[in-house]
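To start, the structure under review is shown below, and the notes come after it.
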Amino acid sequence: MSDCLFCKIAAGEIPSSKVYEDEKCLAFHDIDPQAPTHFLVIPKEHIGSVAEVNEDNAATVAHIFTVIAREAKRLGLQSYRVVSNIGEQAGQSVPHLHFHVLAGRDMTWPPG
Ligand code: 5GP
Ligand code: ZN
């Protein structure tokens, strides 16, 4: 999508601090970190949110989870939280699927 912030980051049109990249996805540090470790993992193809996951793009989403597990291991994260907000009420501010990976501090439950 031409006016999507994360499509532009995925295409390299807007710079990001990369954690990992391959042909299907990109992981990069959040610009406003909410924990000592806070990066986002996004598909390079535009998917609006978890609400748009379907049989056609599910393999990409599964791949993202393998990347999260591998990068967390590589970074030595013992405990971490993976979050995806869907829709404005849940706090989604960028309408391109992304998984937050947060670690390095105590976390509360339920989330606010
Ligand atoms: P959401 O609020 O949709 O769950 O998460 C969007 C996240 O993207 C926020 O944590 C926000 O800080 C991050 N973000 C927004 N704009 C940029 C940007 O231009 N670069 C980076 N690296 N992160 C961004
Ligand atoms: Zn997009």
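Along the sequence shown, residues carry numbers from 1. In each ligand, atom 1 is the first atom listed, and ligand 1 is the first ligand listed. Excluded from the calculations below are hydrogen atoms, water molecules and symmetry mates; all remaining heavy atoms, backbone and side chain alike, are included.
Donor-acceptor pairing under 3.5 Å is recorded for the side chains of R70 and Y20.
Within the structure, the closest approach of H100 to ligand 1 falls below 4.0 Å when heavy atoms are considered. Distances from ligand 1 to the non-hydrogen atoms of G91 include at least one value under 4.0 Å. For the pair I14 and ligand 1, no heavy-atom separation below 4.0 Å is found.
Close contacts of ligand 1 with D32, meaning ligand atoms under 4.0 Å from a residue heavy atom, involve 12 (O). Those atoms of ligand 1 with a heavy atom of F28 less than 4.0 angstrom away are 21 (C), 22 (N). Per-residue contacts place F6 under 4.0 angstrom from the following atoms of ligand 1 (heavy atoms of the residue considered): 8 (O).
Considering only heavy atoms from C-beta on, V83 stays 4.5 Å or farther from P111 through its side chain. A 4.5 Å side-chain heavy-atom check between I68 and F99 finds at least one atom pair inside the cut-off.
In terms of N/O distances under 3.5 Å, ligand 1 is approached by S93. Between Q92 and ligand 1, no N or O atom pair is found at a separation short of 3.5 Å.
Counting heavy atoms closer than 4.0 Å to ligand 1, residue N85 contributes side-chain atoms (C-beta onward) but none from N, CA, C or O. The proximity of V83 to ligand 1, defined as any non-hydrogen pair under 4.0 Å, does not occur for either the backbone or the side chain. Only the side chain of H98 comes within 4.0 Å of ligand 1, judged by heavy-atom distances.
Between F6 and F28, the distance separating the two ring centers is shorter than 6.0 angstrom.
For H96 (side chain) and P43 (main-chain N/O), a donor-acceptor pair under 3.5 Å exists by modelled atom type. The main-chain N or O of E88 is never found under 3.5 Å from a side-chain atom of N85 such that the two would form a donor-acceptor pair. A distance-only check finds a donor-acceptor pair linking the side chain of S84 to the backbone of H98 [under 3.5 Å]. Under the 3.5 Å distance criterion, the side-chain polar atoms of E52 are left unmatched by any main-chain donor or acceptor of L97. A donor-acceptor pair under 3.5 Å is absent between the side-chain atoms of K44 and the main chain of E21, judged by distance alone.
The nearest non-hydrogen atom to atom 7 (C) of ligand 1, considering only V94, D30, L5, comes from D30.
Of all protein N/O/S atoms, those lying under 2.8 Å from the Zn ion (ligand 2) come to 4.
The protein heavy atom nearest to atom 22 (N) of ligand 1 is H29 O, 2.9 Å. Looking only at heavy atoms of the protein, atom 14 (N) of ligand 1 is closest to I31 CG2, 3.8 Å.
Remark: H38 engages D30, H100 in a side-chain hydrogen bond (donor to acceptor under 3.5 Å, both in side chains) (not counting sequence neighbours).
To the nearest 0.5 Å, atoms CD1 (I9) and CG (L5) are separated by 4.5 Å.
Taken together through direct or relayed side-chain contacts under 4.5 Å among Ile, Leu, Val, Met, Phe, Trp and Tyr, M107 and V101 form parts of separate hydrophobic clusters.
Within a 6.0 Å sphere centred on CD of E13, other residues, nucleotides and ligands contribute more than 12 heavy atoms.
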